[in-house]
Amino acid sequence: MDARPAADATPLDRAQFPVLERRIGRGGDRPLVYLDSAATSLVPLRVTEAVTRFLHTSCANIHRGAHMLAEEATDAYECAREHLAAHLGVDDPARVVFTHGATESLNLAALGWAEHALGPGDVVAVAEDNHHANIVCWQMLAERRGVEIAWIPVDADGQLDYGEWCRIAERGPKLAALAQQSNVVGWEQPDLARILDDARLAGAFTALDGAQAAVHGPVDLAALPVDFYALSAHKMMGLTGIGALACSPRAFERMRPVFGGGGMVAQVDACGYVPACGPQGFEAGTPAIAAAVAWNEALRMLEEAGMERVRRHVAALALRAQRGLSELPGVRVLGGPTPASASLVSFTVDDVHPHDASAALDAEGVLVRAGHHCAKPLHAALGARASVRASFAGYSNDEDVDALLSAVARLVERRA
Ligand code: PMP
């Protein structure tokens with residue numbers, strides 16, 4: 001349990017995260033060990049301060065008023081879009097649509113593009129390691145439009161079956177829906193890059209779920225054959241309530257507005273409406289303006305820390321956790337052998353329900369997630385109904401891993 005490929009000092013300053021200072025337990029004697037960053041990350045002080053500053057100085061609705069505060073608020077919102085586009089390697093911010101989160105982003109791709117572009121008999125390839133967010137919207141599309149879902153299965157280690165994908169690719173799929181990083185096994189599929197390339201060659205569009213990956217490393221959409229890229233701010237030190245769908249030029253051209261209302265129209269009269277050009281056409285109603293300001297600041301923090309550095313740090317923690325857990329009797333780590341770069345570890349403990357395991361860890365101040373993590377098909381393929389998940393972020397440290405390993409070791413002893 002002591003083999004330490006040391007993770008250096010945390011890339012994100014822990015003092016920025018007041019929740020980490022909480023002491024819990026009956027005597028207030030235990031540090032809080034937050035290992036649920038894959039569900040939602042902690043919010044740093046500088047982000048809440050940026051939001052407070054914005055609300056105290058420039059609070060107004062956007063793209064509507066012509067007064068000073070409305071202009072400042074509009075600038076702040078559009079500035080966040082520009083920053084996010086640059087962060088993701090998208091050269092035109094107009095192709096980055098703000099949504100309420102990754103789930104809505106993927107549904108927007110389904111409703112705004114696939115709904116009219118695909119029809120009966122078209123094949124949609126869906127990777128089995130996806131979160132439900134990148135599965136159910138395509139299943140709903142299949143119900144409405146008669147497309148055929150072709151699963152790209154995973155093996156018992158959680159790796160996509162490349163041979164099966166090749167067979168699907170020969171059938172000329174119209175879309176491949178893939179995860180950039182699994183929220184259960186925690187790593188990027190070794191074949192992801194070539195599946196994306198093959199999909200392009202086969203004439204398919206690609207929808208890549210970046211909800212887990214975007215916080216742990218650089219993303220360069222200019223270098224990836226991705227048509228729809230979905231992500232959520234709350235998994236990258238921002239607030240809940242905002243996410244984005246970044247589109248390729250060809251995808252954006254083919255998108256049609258899904259929600260109608262204020263802000264998304266250029267013209268309305270008794271005969272009909274003309275949608276606004278650009279991302280506004282997809283952002284009906286008042287958006288999450290303060291959350292966009294928060295995301296902008298969170299991106300600054302991540303960039304200052306260095307995305308590569310965050311990636312290395314988190315991967316070192318995940319690897320140590322994975323190795324330590326694998327040494328414990330009766331503990332099974334899902335999805336092995338783990339590729340070097342992961343951000344989390346999911347596991348089961350023989351004869352202990354994941355919810356009970358999570359409750360036992362919680363009693364020791366170690367906060368993990370238990371359940372199927374909205375990835376039931378992947379759990380089924382891995383032969384587990386549910387699991388315990390410990391996930392890391394740029395503020396997690398070696399002590400967090402130690403606390404996890406000790407708490408699980410005690411659980412295993414009690415069970416023996
Ligand atoms: N995809 C993945 C891989 C996720 O982990 C999550 C969040 N659990 C989502 C999509 C959905 O994100 P949100 O709930 O923010 O829409």
Side-chain angles (χ1 to χ4, degrees), residues 34-43 84 88 96-111 126-140 152 154 158 160 176-189 192 206-217 219 226 228-246 258 282 287-288 291-292 294-295 298-299 314 318 334-335 341-346 354 358 367-379 381-382 386-393:
Y34 187 72
L35 296 180
D36 199 17
S37 294
T40 200
S41 57
L42 300 178
V43 179
L84 180 61
L88 297 175
V96 175
V97 177
F98 280 129
T99 63
H100 291 109
T103 302
E104 187 182 300
S105 301
L106 292 160
N107 278 272
L108 179 61
L111 291 163
V126 178
E128 202 171 23
D129 66 331
N130 272 309
H131 183 280
H132 295 167
N134 208 11
I135 295 175
V136 181
C137 59
W138 308 118
Q139 291 175 323
M140 292 171 122
I152 314 171
V154 295
L160 286 174
L178 301 154
Q180 193 177 19
Q181 194 170 318
S182 158
N183 68 323
V184 176
V185 297
W187 31 259
E188 178 183 314
Q189 287 290 338
L192 180 69
T206 53
L208 187 63
D209 178 354
Q212 288 298 334
V215 62
H216 298 306
V219 176
V226 169
F228 298 106
Y229 186 79
L231 71 171
S232 286
H234 72 94
K235 295 192 194 283
M236 40 199 313
M237 325 301 155
L239 303 185
T240 51
I242 192 167
L245 180 68
V258 173
F282 303 94
W295 203 357
L299 290 174
V314 169
L334 299 188
S341 189
S343 58
L344 57 85
V345 57
S346 294
S358 151
L367 279 49
V368 292
R369 167 107 183 248
H372 52 68
H373 321 313
C374 299
K376 282 195 167 206
L378 178 55
H379 270 91
L382 296 172
S387 61
V388 180
R389 180 180 75 187
S391 52
F392 306 97

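The analysis underlying the following values was restricted to heavy atoms, covering all of them including side chains, and did not include hydrogens, waters or symmetry mates. One-based numbering, in listed order, for ligands and for the atoms of each.
By the criterion of a heavy-atom distance under 4.0 Å, the side chain of His234, and not its backbone, is placed next to ligand 1.
For the residues Ser391, Gly101, Ser232, Cys374, the heavy atom positioned nearest atom 13 (P) of ligand 1 is part of Ser232.
The main-chain N or O of Leu160 is found under 3.5 Å from a side-chain atom of Gln189 such that the two form a donor-acceptor pair. For the pair Asn130 (side chain) and Ala177 (backbone), a donor-acceptor distance under 3.5 Å is present.
Taking distance alone, with nitrogen or oxygen atoms compared against 3.5 Å, His131 approaches ligand 1 more closely than that limit. Polar contact with ligand 1: present for Gln212 (N/O pair, distance under 3.5 Å).
Closest of all the heavy-atom pairs between His132 and Pro377 is NE2-CD, 3.7 Å. Residue Met236 comes nearest to Ala214 through the heavy atom pair CE-O, 3.8 Å, listed as atom of the first residue, atom of the second, then distance. Scanning all heavy atoms of the two residues, the minimum distance from Gln181 to Ser343 falls at NE2-OG, 2.6 Å. Nearest heavy-atom pair, Gly371 versus Pro354, reported as atom, atom and distance to 0.1 Å: N-CB, 4.5 Å.
Scanning the protein for heavy atoms near atom 11 (C) of ligand 1, the closest one is Thr103 OG1, 3.4 Å. Given atom 7 (C) of ligand 1, the protein heavy atom at minimum distance is Lys235 NZ, 2.6 Å. Regarding atom 1 (N) of ligand 1, its nearest protein heavy-atom neighbour is Asp209 OD2, 2.5 Å.
Less than 4.0 angstrom separates some heavy atom of Ala133 from each of these atoms of ligand 1: 10 (C).
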